[in-house]
Amino acid sequence: MRELTEETGLTARLEDTHVVTVLHDDRLDVRRVTAVVRLTCWGGDLGLPEPHRFVRWEWHDLPTLTTLGKIFAPSAQALNAVWPGILPGLPPVHSYVCAATVPPVPGEPAEAVRLRGRMADIVTGNNWAPSPRVQAALREVPRHRFVPEAPLETAYHDDLAVVTVRDSSRTALSSVSAAWLQAHMIEELRLEPGTTVLEVGSGGYNAELLAHVVGRRGRVVTVDNIDPHVVHRTQRLCAEAGSGRVTALLGDGGLGAPGHVLARGFDGVVITHSTADIAPSWREQFAEGARLVVPLEMGGYTRTLTLVRRGDVLHAEHWTYCGFVRDRGAAARTAPAVPLAGGEVTVRWEDGPPGDTAGLDEALRGPRHELTTGLVVRGTFNFETLQVYAATTLPGFCRLTAPEGATPVAQQDAAAMLGDGSLAYLTHRVVEDAPDPADRLTDRLLHPRPRPGRRRAGKALCRLRAHLGPEGARERLPTDDRPPGRNARRAVAGW
């Protein structure tokens, strides 16, 4: 408090001054100890009481800190202690745990309030948040405080996920999901005030939305998959802008939260990363009649399923198209993949052992055959139901991927299947173009790639055509009865 006044002219009260941590780092032969002090409010006018020591003071928005160039290491580490991840790539530093707790910090810019209201209006207007308690949570929880590295416009975009942690290859490891999807998943839990919910996959913002929905008597336990940084970040940001009803734990989310389960079990479980299977602990730790909302991968296609526990059986009641970062716990899987055509094409199996690709290199170098399914659709039609149907029913199902501009296949990602050493995959073409996309006609095509020496792709093609033809499709594929809205492009009209 004394240094603040002497160096800046600002003033603070003792009760508004909190020690966050004490940092220790070494630089060559210099050992540095830095106390990080957080002021929840202050007064006075910013000035230069010691002009012989300081040239000027500057205010900076948090998302702009990475553009300033090099920052004095203790100052950078202090900023990162308050907002973990705001300055990535800093050298290691030892942080001493402090017994004092830092209360939530009030206040926010008027622009944040305006943008949050706009985001909530869009999400509720598209029927992703029909209940008053979820709507209120969207309007009250300061989303930007949980993504301090993002500009306000990005933080409050209704349809963008904000990546918060990346690995050395820039692959996203942790993120704050799109607001519409978070609201929808919370709605699917159907939580009541005073309930306790488990979240697997931390970040802070989603947990605080849940905390507002369950109310003052409720509780949220959030577990992250073996990433201390994510858990520390969640703890810090929830301390700064949270309700005090979120408990963040470090551990393998596949094991749930065994030390925090109520006698009756959790009243709801939500998983915020994609997973290839449902962990036994999730089923065992939530109550009879409660709901598990989980992004489940099926053949590499991710859909958020709503599962209700009735005895030992989980009943699926709803699904939503989505995308999430993948599980990094003990249950994480690696999809077998085989490069073909000199690396221009990759075939991979998301849910099983690799198939026999003998002869396919030469087949992909040959002419591409096309067979129409006879199914012509108008407008921007989505095939999300077809993708899951093919991935879960077709024998030999696989995914065919190629970089943009590759010649052996017609598109970058296609549903495919192997059989008898041959390959067939599904794609589309425009039959009749139109200025308005709603009037465009599109045909679905099958591309057989037979083994060299054969005239056709044999049983693989026959099975694929039989399953994906218009008659079979109309008979087998269910309809999607979700309410229309801005994200209706994510819905499937039904076959």
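Sequential numbering from 1 along the given sequence is applied to the chain's residues.
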- Message: Would the distance check show the side chain of R291 and the main-chain N or O of E188 forming a donor-acceptor pair, the cut-off being under 3.5 Å?
- Response: yes
- Note on the structure: When every non-hydrogen atom of A137 is compared with those of H212, the smallest separation belongs to CB-CB, 3.8 Å
- Atom of H144, atom of Y156 and distance for their closest heavy-atom approach: ND1-OH, 2.7 Å
- Between CG of L237 and NE2 of H232, what distance do you get to the nearest 0.5 Å? 9.0 Å
- Item | With H229 via side chain to side chain contact (heavy atoms under 4.5 Å, CB included) - residues at least two apart | P84, V165, D227, R233
- Message: Using the side chain to side chain contact (heavy atoms under 4.5 Å, CB included) criterion, which residues pair with A136? Sequence neighbours excluded.
- Response: E140
- Verify, without hydrogens or angle tests, whether E350 (side chain) and Y301 (backbone) share a donor-acceptor contact under 3.5 angstrom. no
- Message: Quick check on side chain to side chain contact (heavy atoms under 4.5 Å, CB included): which of T272, V231, V200 does D224 satisfy it with?
- Response: V231
- Message: Please identify which of these residues, L210, L209, N206, meets the side chain to side chain contact (heavy atoms under 4.5 Å, CB included) condition with V141.
- Response: L209
- Could you check T304, L307, L305 and say which one makes a side chain to side chain contact (heavy atoms under 4.5 Å, CB included) with V293? T304
- May I ask you to decide if V214's main-chain N or O and E192's side chain share a donor-acceptor pair within less than 3.5 Å? no
- Is a side-chain donor or acceptor of R143 paired with a backbone partner of A155 at a separation under 3.5 angstrom? yes
- Message: Any side-chain to backbone donor/acceptor pair from E187 onto S131? Under 3.5 Å, distance only.
- Response: yes
- Task: Determine whether the side chains of T320 and H184 contain a donor N or O and an acceptor N or O closer than 3.5 Å.
- Result: yes
- Query: Distance from R348 atom CZ to T401 atom OG1, nearest 0.5 Å?
  - Reply: 5.0 Å
- Message: What I want to check is whether the side chains of T302 and S274 have a donor and an acceptor closer together than 3.5 Å.
- Response: no
- Task: For E149 and T164, test the side chains for any donor-to-acceptor distance below 3.5 angstrom and give the result as yes or no.
- Result: no
- Item | Full working for salt bridge (charged side-chain N to carboxylate O under 4.0 Å, His left out) between R139 and D121 | CA-CA 9 Å; R139 297 185 185 281; D121 288 342; 2.6 Å; yes
- Task: Spell out, as yes or no, whether a donor-acceptor pair under 3.5 Å connects the side chain of R309 to the backbone of R283.
- Result: yes
- May I have the step-by-step check of side-chain contact (heavy atoms from CB on, under 4.5 Å) for R303 and L296, ending in yes or no? CA-CA 6 Å; R303 304 292 183 266; L296 191 65; over 6 Å; no
